[in-house]
J.: 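This is the structure I have questions about; it appears just below.
Positions are given from 1 along the sequence.
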Amino acid sequence: MVREMAFFLGIYLWGVVVSWICWRKLPIALRLSSSLFWGLAGWVAAALLIMGAGCGYTLGKMQAVFGVSALLFLWVEWRRDAKSLRREVTGALIGATCVAVVTWCAWRLNLSVVSYDSIPQLMIAQEIGSAGSLEGVQGMLASWGSLYVIVNSASVLIGRPYWVALQPLVGVGFLSVFCAIAFHALCRVQTTRALALFVSLMAGLSLASTYFIVFQFFYIHNNLFSAAYFLLGVGGLWLRLAGEDESTERFGMAALTAYAFCRVEAPLFAALVIAWYAAEGAKASRAWRLLSAGYALIIVSWYGWLANSIGAGTDILTPSRAILLACVTLAAVLASYGSSAVAQIARWRIRSMPGVLVLALVAMAGMFLKRPEAMTQSLIGMLGNMGVAGRWCWTWWVLGAMLIGSFRTPAFVAGRMLAGVSLGGLCLLYGLAYLRVPYHLGWPDSANRIATQFVPLLMLFLVVLTCAKRQGDAAMRDCSRNSNMA
């Protein structure tokens with residue numbers, strides 16, 4: 001337990017330092033609640049660079065990279081702003097205490113749950129940690145994504161089969177990030193800080209009362225990881241549209257980059273987010289061009305390497321599909337620059353939610369005509385899993401009823417990106433059934449697990465919408481009007 005606690009404390013504190021350097025203008029609650037995720041993403045990035053350079057993935061090398069970089073960052077910040085850095089230490093100590101408490105509780109109880117899908121990911125992690133390289137596991141990475149298995153591979157370096165506290169820590173961090181984004185967003189709709197705090201905490205408790213969300217606090221899989229990074233990415237870009245500082249754009253794109261490594265299909269959903277962000281009126285500033293170009297370079301390089309390394313591939317990812325993912329990423333980034341007819345058409349269509357839904361229905365109708373049996377089975381599976389079969393109970397149906405009633409309200413634009421990305425993502429998720437084995441009834445179904453990433457966005461949208469209606473002409477009434485990134 002001591003070694004595991006030391007590992008996660010080190011990861012968290014490194015994330016605190018990085019978040020302070022990269023987006024110091026963001027609210028401290030959002031920075032501290034997301035620090036664990038930046039630390040984990042940093043570990044994966046360092047591990048991939050070390051293994052890519054052929055240096056061998058060992059605990060000593062990773063400790064050296066993290067220790068030297070943390071000391072360097074702290075020295076630079078101390079010389080630049082020592083007074084503010086001292087204030088940051090207090091918040092970091094509170095966050096570190098929470099990490100230690102959650103780790104201790106996880107070890108005392110150990111409620112870990114595994115399924116057939118959990119075992120291969122742990123096996124990949126064992127292989128990477130033991131061999132110190134990616135040799136021989138490229139095909140498995142093509143099926144399961146890389147971020148989660150590389151994080152778990154660190155447990156092998158300290159002599160543990162897996163991280164007992166990883167899922168609980170990610171779950172608590174996930175809820176903390178949700179509450180922090182909700183609080184910050186509510187403060188922007190002219191809500192008092194006391195009311196914003198109360199509503200955001202109640203929203204967080206509502207999310208925590210959803211059984212399938214809490215179940216994933218202990219279920220060894222990558223879906224809660226991807227949901228957390230997706231929430232950070234969409235939340236950051238949405239806050240930028242609402243008129244926040246430019247650092248929220250960097251915040252969102254960094255999270256989307258990490259998200260793209262969580263699951264194989266993640267770049268498709270990230271492309272949807274980037275396209276929607278541009279269509280909401282975000283101007284293609286120089287900073288955005290650099291950020292999106294960097295994102296495209298990383299994703300294209302990764303999937304290019306996979307296409308060249310996985311041979312014939314797997315039933316999930318083949319070389320041709322890897323190239324397709326890279327092309328979709330490039331297309332979304334180029335469209336976001338606003339310099340092509342494609343971007344103009346996207347902006348015109350996405351501003352109308354009914355128009356987007358009509359386009360989605362037309363696409364799904366075409367898929368039905370090509371594969372009627374598979375698409376029907378997948379539709380039945382997805383709808384059936386939105387109830388008891390998927391362990392969601394009434395969550396989806398309550399959210400859906402409230403969402404339908406919100407379309408005609410004046411304050412709808414306050415959270416249009418949140419609702420649009422969620423609905424568009426669900427349509428895209430259904431469309432993926434055309435390329436794979438049909439979805440089925442039962443909570444382990446991949447579509448049911450992927451849908452986890454859309455629930456917090458819909459809840460956040462409804463919370464902001466309710467408070468915006470209460471306040472009348474809210475500050476976030478028209479998000480695109482506040483977006484000035486030139």
J.: Rounded to the nearest 0.5 Å, how far apart are NE2 of H184 and CD of E244?
T.: 3.0 Å

J.: Could you check H221 against Q167 for side-chain hydrogen bond (donor to acceptor under 3.5 Å, both in side chains), going step by step and ending with a plain yes or no?
T.: CA-CA 8 Å; H221 211 290; Q167 293 297 136; over 6 Å; no

J.: Ignoring hydrogens and geometry, is there a side-chain-to-backbone donor-acceptor pair from W238 to G233 under 3.5 Å?
T.: no

J.: Tell me if the centroids of the rings in W288 and Y277 come within less than 6.0 Å of each other.
T.: yes

J.: Kindly determine whether D245 and R240 satisfy salt bridge (Lys or Arg N to Asp or Glu O under 4.0 Å), including the steps that lead there.
T.: CA-CA 7 Å; D245 182 77; R240 177 58 179 146; over 6 Å; no

J.: Assess the residue pair Q453 and Y259 against the criterion (side-chain hydrogen bond (donor to acceptor under 3.5 Å, both in side chains)); give the C-alpha distance rounded to whole Å, side-chain angles, the decisive distance to 0.1 Å, and a yes or no.
T.: CA-CA 11 Å; Q453 64 194 29; Y259 167 72; 3.1 Å; yes

J.: Return yes when atom CE of M123 has more than 12 non-hydrogen atoms of other residues, nucleotides or ligands closer than 6.0 Å, and no otherwise.
T.: no

J.: Which pair of non-hydrogen atoms, one from V170 and one from F37, has the smallest distance, and what is that distance?
T.: O-CZ, 3.7 Å

J.: So, R449 side chain and P444 main chain: donor-acceptor pair closer than 3.5 Å or not?
T.: yes

J.: Run the numbers on Y162 and Q126 for side-chain hydrogen bond (donor to acceptor under 3.5 Å, both in side chains), then give the verdict.
T.: CA-CA 9 Å; Y162 72 100; Q126 289 283 333; over 6 Å; no

J.: Go through the steps to decide whether L166 and F8 satisfy the test side chain to side chain contact (heavy atoms under 4.5 Å, CB included), and finish with yes or no.
T.: CA-CA 8 Å; L166 179 60; F8 285 118; 3.8 Å; yes

J.: Given side chains that start at C-beta, do those of F225 and F261 come closer than 4.5 Å, heavy atoms only?
T.: no

J.: Does the side chain of L30 come within less than 4.5 Å of F251's, by heavy atoms?
T.: yes

J.: Could you walk me through whether Y434 and S378 pass side-chain hydrogen bond (donor to acceptor under 3.5 Å, both in side chains), step by step?
T.: CA-CA 9 Å; Y434 181 78; S378 294; over 6 Å; no

J.: To the nearest 0.5 Å, what is the distance between CH2 (W392) and CG (L399)?
T.: 9.0 Å

J.: Please report the closest heavy-atom contact between N448 and G390, naming both atoms and the distance.
T.: ND2-O, 3.2 Å

J.: Parallel, tilted or perpendicular: which one describes the rings of W23 and W38, with boundaries at 30° and 60°?
T.: tilted

J.: Show your reasoning for whether ring pair (Phe, Tyr, Trp, His ring centres under 6.0 Å) applies to Y148 and W163.
T.: CA-CA 11 Å; Y148 184 72; W163 293 125; over 10 Å; no

J.: Stepwise, does the side chain to side chain contact (heavy atoms under 4.5 Å, CB included) test hold for F461 with M402?
T.: CA-CA 10 Å; F461 163 71; M402 296 176 68; over 6 Å; no

J.: W394 and W397: ring pair (Phe, Tyr, Trp, His ring centres under 6.0 Å), yes or no, with the steps?
T.: CA-CA 5 Å; W394 290 98; W397 304 108; 7.9 Å; no

